[in-house]
Amino acid sequence: MLTNLINNALYYSPQNTIVDIDIHTSEGTTALLISNQLSVAMNDNDLNNMFEPLWQKDQSRTSEDHFGLGLSIVKRLCRQMDMEISVHLKSEKVIEFMLVFDQESECVQHEVTNGR
């Protein structure tokens, strides 16, 4: 799940931008947040469809590596593991995915530079 979310953040963000990965804990709940700048503008309708199997923002583009299945698999795995996943726009150009699960953990912040 994490590999898919991080790889997506790197793939769908502009080159040489930062992908933020944060972990927050509160009252026995841990949230993992992954955010990145967007290469293509997104809207609420896009966010609502992101976890649908085979959904892609731009249907006219083809890719041999990305088929629109990763996020639907991540969502299904989250349900099976009693975790929650959500996505929202932090700003017009920044998207954030949040995984929430019950587990104590220390707060950690890590930055990954997208240097494709």
Do [X] and [Y] sit in the same hydrophobic cluster, where Ile, Leu, Val, Met, Phe, Trp and Tyr count as joined when their side-chain heavy atoms come under 4.5 Å apart?
X: Val19; Y: Leu33; answer: no
X: Val87; Y: Leu77; answer: yes
X: Val94; Y: Leu99; answer: no
X: Met98; Y: Phe51; answer: no

Check your understanding: Looking only at heavy atoms, what is the nearest atom pair of Ser13 and Gln37, with distance?
Key ->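 Heavy-atom minimum between the residues: CB-O, 3.1 Å.
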
Check your understanding: Of the non-hydrogen atoms in Cys78 and Met1, which two are nearest, and what is the gap between them?
Key ->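 Taking every non-hydrogen atom into account, SG-SD, 3.8 Å.
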
Point to revise | Between NZ on residue Lys93 and CE on residue Met42, distance to nearest 0.5 Å | key: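 Between Lys93 NZ and Met42 CE, I get 15.0 Å after rounding to 0.5 Å.
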
Looking at side-chain heavy atoms only, is the closest gap between [X] and [Y] below 4.5 Å?
X: Met50; Y: Ile95; result: yes
X: Leu5; Y: Ile85; result: yes
X: Leu38; Y: Leu89; result: yes
X: Leu71; Y: Phe97; result: yes
X: Ile34; Y: Ile6; result: yes
X: Leu2; Y: Leu32; result: yes

Exercise for review: Step through the shown structure and confirm whether more than 12 heavy atoms of other residues, nucleotides or ligands are within 6.0 Å of CD on Gln80.
Suggested key: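 Yes, enclosed.
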
Exercise for review: May I have the step-by-step check of side-chain hydrogen bond (donor to acceptor under 3.5 Å, both in side chains) for Asn4 and Asn8, ending in yes or no?
Suggested key: CA-CA 6 Å; Asn4 179 270; Asn8 280 351; 3.2 Å; yes

